[in-house]
Structures are given as structure tokens and as C-alpha cells.
Amino acid sequence: MDFKQLVFSGVQPTGNLHLGNYLGAIQRFVALQDSYDCLYCVVDMHAITVWQDPVELKKQIREVTAAFIAAGIDPKRHIVFNQSQVSGHAELAWVFNCVARLGWLNRMTQFKEKAGKDRENASVGLYAYPSLMAADILLYRATHVPVGEDQKQHLELTRDIAQKFNNDFGPSIAAKGLGEVFFPLPEPLIGGPAARVMSLRDGAKKMSKSDPSDLSRINLTDDADTVASKIRKAKTDPEPLPSEAEGLKGRPEAENLVGIYAALGEVSKDKVLAEFGGGQFSTFKAALVDLAVAKLGPIGGEMKRLVAEPGHIDDILRDGAARARVLADATMSHVKDIVGFVR
Ligand code: AQP
């Protein structure tokens, strides 16, 4: 069956939006706007799978929305909204909790990392997070999902859930005249030189909102001096930069900084190394500071301006949610019929 090409992706309002979120996700959301109809969601229901202060959560929902708009997402041409305003996400997640198998969820590495040693004390929501993520995407029968490398496994699970739903309910889907399959198997859009941006302090750890060290990440709202100081302090190794990307193997910190430069400058790593290969890190870092400040400065400035007008952001979210609800309600009516609920 041919599905309408549609992009869906989300970002959690869990504070400290950083360069990894920008290069792995938001910058790519912006680029997809000309080729697809897009839904970009502030996934606040995912955020509460770990404790969030209610006052802070509201601020962070508005901050992620501001980042979307400041980066160049057009909320009139596309749909920008927060998840909790569209009840279909929770409804479909429940159906998917009954489709997904315990064994599948047991394999999810993100749960293991986030729950850590205190697994017994993790929320049920954190465990069931991938079912809700599948619901986010499939509620709109989205075909393409731009995400960072860390979300690859969850995307695979989304495809497994879609496939099992299509198989389990195949006769019911056909009996309702809905074709052979109801849900598409969405394609992850992962790639580019910064699909996994690493911590500036440790090339083996991904850059993350929850890293206790602020020096590990560049926040989108950091001012120019802070960006410069974090890049200057970023961990490197004693060798000069290689002349080709191949030479970055086994040098995670160097590879990370070159990848960041390439993604910000929208060029290949080889092109970056053609310019900086053989040189010292200090020269390269100075150029990276200039590029990062030129690219991120206007976004951070615009975010600060937008969050000062919360009423305007709330209007954008309400309008987006109303438009998302129309699509979501259509899917949920079919899902309820397919599953056999009376409505
Ligand atoms: N380091 C990263 N490199 C590339 N992409 C990244 N993403 C996150 N970190 C990196 C991508 O950003 C999008 C939004 O992520 P999220 O906020 O929904 O959740 P996350 O992946 O859990 O982000 P964090 O920063 O690591 O948060 P914490 O510390 O709370 O776990 C996704 O597309 C993600 O792939």
C-alpha cells in the first residue's frame, strides 16, 4: 500500500537543549520542510517518565517550541505541537502496549542506561517509553522519522509494532476495506557527520541533557563567550589533525569535533580536513568557535526573545494541536474499529 509521505519527530522538554539535539535532530527537521509535510512534537509525556518539576516543565515545553521556531521551522506550513494536547498519543500507546512483547522491551538499551542499577525504582512509563514513541509516529501514519543515532533501536521497535499490528489484525483491516496493511513501516532518517554528537569531555559518551557536567555540552542558549570557552576546553589528543576522515579512526574526540564542524558548516569531514589537516587543534578550535557562534548565536538569541512571549508560543502549540488532532482522530477511529471496540 502507498502511504502519504509524512515526517514525524519529537524532542523531550527535559532542559538544556544542546548541540547534539540541534545537529542530530532540529537542523535536519528544518531541512526536511521543503520536501515533506512535517509534524514536530514537543514530547512532554515522554519527559515525565522521569521526575520533572511542574513549573520547570512548562518553561521547558515553551523553550523547545522556541528552539524549533528559532531554528527555522515554519509552524504555519507544518504542525508544531505538544504531545499531551492530543489524547490519541496515550490511547494508541495503550493499544501498542498490548501488541508489543515484554521480551522486545527488555532488549531496549536506553531503558537499561536510564534506569541504571536502581531498575526496581524506575517508572513503568520509562519502561513503556518505546510503545508511546511508536504511537507518536504511527498515530499520523508517518513514513519518515529524522532522529539521532541513539534512537535507532526505538525506531526498529516501532517497525516491529506496526508489523505485528498489521499481521494480528490483518483480517479485520481487510474487512473494514482499509487495504492489506494499516500502518506503514516508518523509515529512520539517521545520518550525516553528526548523527551522534559526543560529550566534549569524553569522546566515548554521547552529548546529553542529563550529563552533570555543563562543560560536556554546548547549550543552544549559551552565549558566545561560554561557547568559546567550552570548545577551547574540549578534550583532544596530542596528534595533529589528519588530512582525511579515515585518519580519525581511534581518535573519538578529534572525530567528534571534526564532525561538529562538518555538520555546522554543512560540508563533509574530508572537506574540513582538507583545510585543517596537519594543523594544530588550537587553530582548528578557533575556527570551530567562529562557526559555532555564527550559527548558534542567532538561534539562541531568537529563542530568548520567543520565550519572553509565552502567550505567543502557547497559541502556536494550541493551533498545532488542533490540526494534529484532526489527523489523530481519523487514525484512532480506524484503530478502534480494527481492534473491535464499540464507538
Ligand atoms: N548527542 C546526540 N547526538 C545526536 N543526536 C542526539 N539527540 C540527542 N542527543 C544527541 C537527538 O535529539 C533528538 C531529541 O532527543 P530527546 O531530547 O528526545 O532525547 P534524548 O535522546 O534522550 O536526549 P538527551 O539529550 O540524551 O537527553 P537525556 O540526557 O535526558 O537522555 C532525538 O532525535 C535524539 O536522537
Closest non-hydrogen atom pair between [X] and [Y], with its separation:
X: A142; Y: F8; value: CB-CB, 3.6 Å
X: K304; Y: T221; value: NZ-O, 3.2 Å
X: Q85; Y: A321; value: CB-CB, 3.6 Å
X: T49; Y: S123; value: O-OG, 2.8 Å
X: A115; Y: L126; value: N-CD2, 4.2 Å
X: G179; Y: I173; value: O-CG2, 3.4 Å

Measure the shortest side-chain to side-chain distance between [X] and [Y] over non-hydrogen atoms and say whether it is less than 4.5 angstrom.
X: M198; Y: M207; value: no
X: P186; Y: I137; value: yes
X: P146; Y: L32; value: yes
X: E63; Y: P13; value: no
X: I69; Y: I316; value: yes

**Report entry** With H334 via ring-ring contact (aromatic ring centres under 6.0 Å, His included) - residues at least two apart
**Finding:**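 If we apply the ring-ring contact (aromatic ring centres under 6.0 Å, His included) test to H334, skipping adjacent residues, the hits are F182.
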
I need the full list of side-chain hydrogen bond (donor to acceptor under 3.5 Å, both in side chains) pairs touching [range], with sequence neighbours left out, sorted by first then second residue.
range: residues 5-26; result: Q12-Y129, T14-K209, H18-N21
range: residues 320-331; result: D319-R323
range: residues 179-203; result: none

Does anything in [range] pair up under salt bridge (charged side-chain N to carboxylate O under 4.0 Å, His left out), and if so which pairs, sequence neighbours excluded?
range: residues 131-154; result: D150-K206
range: residues 268-285; result: E255-K269
range: residues 69-86; result: D34-R77
range: residues 82-108; result: E91-K336

Is a side-chain donor or acceptor of [X] paired with a backbone partner of [Y] at a separation under 3.5 angstrom?
X: S216; Y: P212; answer: no
X: D53; Y: V55; answer: yes
X: T226; Y: D222; answer: no
X: Q33; Y: G72; answer: yes
X: K230; Y: R217; answer: yes
X: D237; Y: E239; answer: yes

Query raised in the report: Are side-chain N/O atoms of R119 and N121 paired as donor and acceptor at under 3.5 Å?
Result: no

Report task. Give a yes-or-no answer on whether the side chains of S208 and D211 include a donor-acceptor pair shorter than 3.5 Å. Result -> no

**Report entry** Residues clustering with M45 (ILVMFWY side chains joined when closer than 4.5 Å, directly or via others)
**Finding:** L132

Query raised in the report: Using the ring of each side chain (for Trp, its six-membered ring), is F169 parallel, tilted or perpendicular to F165, with breaks at 30° and 60°?
Result: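 Taking F165 first and then F169, their aromatic rings sit tilted (interplane angle of 30° to 60°).
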
Report task. If the plane angle is over 60° it's perpendicular, under 30° parallel, otherwise tilted; pick one for F276 and Y261. Result ->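 F276 and Y261: perpendicular rings.
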
Pair up each side-chain donor or acceptor in residues 24-31 with any protein partner under 3.5 Å, not counting sequence neighbours, and list the distances.
| residue | atom | partner | partner atom | Å |
| --- | --- | --- | --- | --- |
| Q27 | NE2 | A263 | O | 3.4 |
| R28 | NH1 | G24 | O | 3.4 |
| R28 | NH1 | L189 | O | 2.9 |
| R28 | NH2 | L189 | O | 3.1 |

Query raised in the report: Hey, is R159 close enough to E156 for a salt bridge, meaning N to O under 4.0 Å?
Result: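 Salt bridge between R159 and E156, a charged N being under 4.0 Å from a carboxylate O: no.
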
Requested in this report: Tell me, please, which residues at least two apart from N166 pass side chain to side chain donor-acceptor pair (under 3.5 Å).
Outcome: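 N166: no side chain to side chain donor-acceptor pair (under 3.5 Å) contacts found.
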
**Report entry** Partner residues of Y140 under the side chain to side chain donor-acceptor pair (under 3.5 Å) criterion, sequence neighbours left out
**Finding:** H89

Requested in this report: Supply the atom-to-atom distance I161 CD1 to D168 CG, rounded to the nearest 0.5 angstrom.
Outcome: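 Those atoms lie 11.5 Å apart.
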
Report task. Determine, using ring centers only, whether H78 and Y40 are less than 6.0 Å apart. Result ->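 No, ring centres 6.0 Å or more apart.
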
Query raised in the report: Are there more than 12 heavy atoms of other residues, nucleotides or ligands under 6.0 Å from atom NZ of K58?
Result: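 12 or below, so no.
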
